[in-house]
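In listed order, ligands and their atoms are each counted from 1.
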Amino acid sequence: MPSPPRKLAIATGGGDCPGLNAVIRAVVLRAHAAGIEVLGVEDGLNGLLEGTGATVRALTPIEVAPILGRGGTVLGTTNRCSPFAWRDGKAPPRDRGDELLARAQALGIDVLINVGGDGSQAISLELARRGMTVIGVPKTIDNDLDATVETFGFGTAVQVVTDALDRLRTTAESHDRTMILEVMGRHAGWIALHSGIAGGADVILIPELPYSPVHVARDLMRTLGAGRHFALVVVAEGCACVGGEVSHKAVASGGIGPSSILGGAGQRVAEEIAAVVPELELRVTALGHIQRGGTPTAYDRLLASRLGVEAVEAALRGERSVLVSSQPPDIKTVPLELAVKKMRAVDPRGQLVAHARGLGISFGDA
Ligand SMILES: Nc1ncnc2c1ncn2[C@@H]1O[C@H](COP(=O)(O)OP(=O)(O)OP(=O)(O)O)[C@@H](O)[C@H]1O
Ligand SMILES: O=P(O)(O)OC[C@H]1O[C@](O)(CO)[C@@H](O)[C@@H]1O
Ligand SMILES: [Mg+2]
């Protein structure tokens, strides 16, 4: 039986996500109750690397008490590069993994709790391979992690998009327009599909179902011909038409990140529709990071809190290289490898898509 850990560290990596602070709070509360100290690593794992401007600080129950419902992460995060492919300006990427491990050892960290999506858990796995005890906590608004039934942040994002659709509907109704809403999700259509159903969309375009602009235009005209004067289209940022490409937009890289990210699918779809039915009046909204910011829903706070507590329980049981995973009604642990094995995509032949079709929603695919 391994001796119980005396010191845990917690880090949040990848894009921020509503519920991260609830995980941090839960880990600190449960660990302190068990007499375990918790260090918070700032900006992903950068706090364990010299010269990054980020550091490591002790987290106390008093400090985390008010953060349960706060969006973002009080530790900061990064979704740019990795400790194993560190970028300094234009120099080739270098491996700083061993430096990170040495620093963690010097600080007396027995277990690292790494909260993040597939990219962060790939980092967890490599740290584990190099000898660190790591427990992963899954997070993503995209819902694209296969190793857990659900991730916190997703429900909050779906609620934000649904609220946006409710607002777009009133202006669409007033102007007799077709409103196109571009939403996040990278290469998975979960946010678009869930919010499209909940928000009463007429057309939903997702990466898993390549569409034809002619079919989208036809289905919109059918909707509008059936006595309706407006329509709502939800476009996942990673969707593409049959034989087409996803759209990217340029972003300022800050010297280390990519110079372009997914974006522009909504505008592209508007142009494709207009090419077929120029008589439609279209407007495009890209919701962007509004979907990721702000207060988590009650359910996401609950899920995040349970994952945080169970991560500490797993550490107390002496587990290593595991991911805490929601398997309703329980939170269990699964091998860390499962988090990175494959992306969870929408099943085009699954019941959710069938139910959407049952509501008359078009995917523009046939
Ligand atoms: N601790 C970290 N330090 C540096 N970079 C990190 C860290 N964690 C994650 N990253 C980078 O961020 C990328 C994305 O992380 P991850 O997959 O966990 O996030 P996500 O929830 O899928 O969100 P997104 O991919 O939009 O950032 C990783 O591929 C990796 O390059
Ligand atoms: O914050 P960034 O780097 O713009 O990344 C945006 C991406 O991150 C996510 O919000 C989460 O993975 C995606 O839905 C989106 O494509
Ligand atoms: Mg990712």
*Asks:* Please report the interatomic distance CG(Leu49) to CG(Leu100), rounded to the nearest 0.5 Å.
*Replies:*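 Spacing of CG (Leu49) from CG (Leu100) equals 5.0 Å.
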*Asks:* Check whether Arg344 reaches the backbone of Ala147 with its side chain - one donor and one acceptor, N or O, closer than 3.5 Å.
*Replies:*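 Judged by distance alone, no pair lies under 3.5 Å.
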*Asks:* Quick check against the 3.5 Å criterion: does Lys139 have a side-chain atom that pairs as donor or acceptor with the backbone of Thr12?
*Replies:*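 It does not hold such a pair.
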*Asks:* If hydrophobic residues (ILVMFWY) are linked whenever their side-chain heavy atoms come closer than 4.5 Å, directly or via other members, who joins Val251 in its cluster?
*Replies:*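 Grouped by the 4.5 Å side-chain rule, Ile261 form the rest of the cluster around Val251.
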*Asks:* Assert yes or no for the condition that the ring centre distance of His215 to Phe363 is strictly below 6.0 Å.
*Replies:*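 No: the rings miss the under 6.0 Å criterion.
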*Asks:* Do Phe84 and Asp98 come within less than 4.5 Å of each other through their side chains, counting heavy atoms only?
*Replies:*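 Not in contact.
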*Asks:* Leu224 and His229: which non-hydrogen atoms are nearest, and at how many Å?
*Replies:*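 Between these two residues, the closest heavy atoms are CD2-C, 3.7 Å.
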*Asks:* Could you tell me whether a side-chain N or O of Asp330 sits under 3.5 Å from a main-chain N or O of Lys332, the two making a donor and an acceptor?
*Replies:*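 Answer holds: no.
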*Asks:* Using salt bridge (Lys or Arg N to Asp or Glu O under 4.0 Å), reason through Glu237 and Arg186 one step at a time and then give a plain yes or no.
*Replies:* CA-CA 6 Å; Glu237 62 181 353; Arg186 284 196 195 268; 5.9 Å; no
*Asks:* What short N/O contacts, under 3.5 Å, does ligand 1 make with the protein, listed by atom pair and distance?
*Replies:*
| from | atom 1 | to | atom 2 | distance (Å) |
| --- | --- | --- | --- | --- |
| ligand 1 | 1 (N) | Leu45 | N | 3.0 |
| ligand 1 | 5 (N) | Cys81 | O | 2.4 |
| ligand 1 | 8 (N) | Ser120 | OG | 3.1 |
| ligand 1 | 17 (O) | Asp118 | N | 3.4 |
| ligand 1 | 17 (O) | Asp118 | OD1 | 2.6 |
| ligand 1 | 17 (O) | Gly119 | N | 2.7 |
| ligand 1 | 18 (O) | Gly117 | N | 2.7 |
| ligand 1 | 18 (O) | Gly117 | O | 3.4 |
| ligand 1 | 18 (O) | Ser120 | N | 2.9 |
| ligand 1 | 18 (O) | Ser120 | OG | 2.6 |
| ligand 1 | 21 (O) | Lys139 | NZ | 2.5 |
| ligand 1 | 22 (O) | Asp118 | OD1 | 3.3 |
| ligand 1 | 23 (O) | Gly15 | N | 3.3 |
| ligand 1 | 25 (O) | Arg186 | NE | 3.2 |
| ligand 1 | 25 (O) | Arg186 | NH2 | 2.8 |
| ligand 1 | 26 (O) | Arg186 | NE | 3.3 |
| ligand 1 | 26 (O) | Arg186 | NH2 | 2.6 |
| ligand 1 | 27 (O) | Gly15 | N | 2.9 |
| ligand 1 | 27 (O) | Asn79 | ND2 | 3.1 |
| ligand 1 | 31 (O) | Cys81 | O | 3.0 |

*Asks:* Taking Lys7's backbone N and O only, do any of them form a donor-acceptor pair with Asp110's side chain (distance below 3.5 Å, no angle check)?
*Replies:*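 Side chain of Asp110 to backbone of Lys7, a donor-acceptor pair under 3.5 Å: yes, one is there.
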*Asks:* Here's one to test your reading of the geometry: is the NZ or CZ of Arg301 within 45 degrees of the ring axis of Tyr299 and under 6.0 Å from its centre?
*Replies:*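 No, a cation-pi geometry is absent between Arg301 and Tyr299.
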*Asks:* Can you check side chain to side chain contact (heavy atoms under 4.5 Å, CB included) on Thr295 and Arg70, steps first, answer last?
*Replies:* CA-CA 5 Å; Thr295 310; Arg70 199 183 297 169; over 6 Å; no
*Asks:* Taking the Mg ion (ligand 3) as the centre, count the protein N/O/S atoms lying under 2.8 Å from it.
*Replies:*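 For the Mg ion (ligand 3), protein nitrogen, oxygen or sulfur atoms under 2.8 Å: 1.
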*Asks:* Given a heavy-atom cut-off of 4.0 Å, could you list the residues near ligand 2 in chain and number order?
*Replies:*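 The 4.0 Å shell around ligand 2 contains Asn79, Arg80, Ile141, Asp142, Met184, Gly185, Arg186, Glu237, Ile261, His289, Arg292.
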*Asks:* For Glu208 and Val346, indicate whether the former's side chain and the latter's backbone hold a donor-acceptor pair under 3.5 Å.
*Replies:*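 Judged by distance alone, yes, a pair lies under 3.5 Å.
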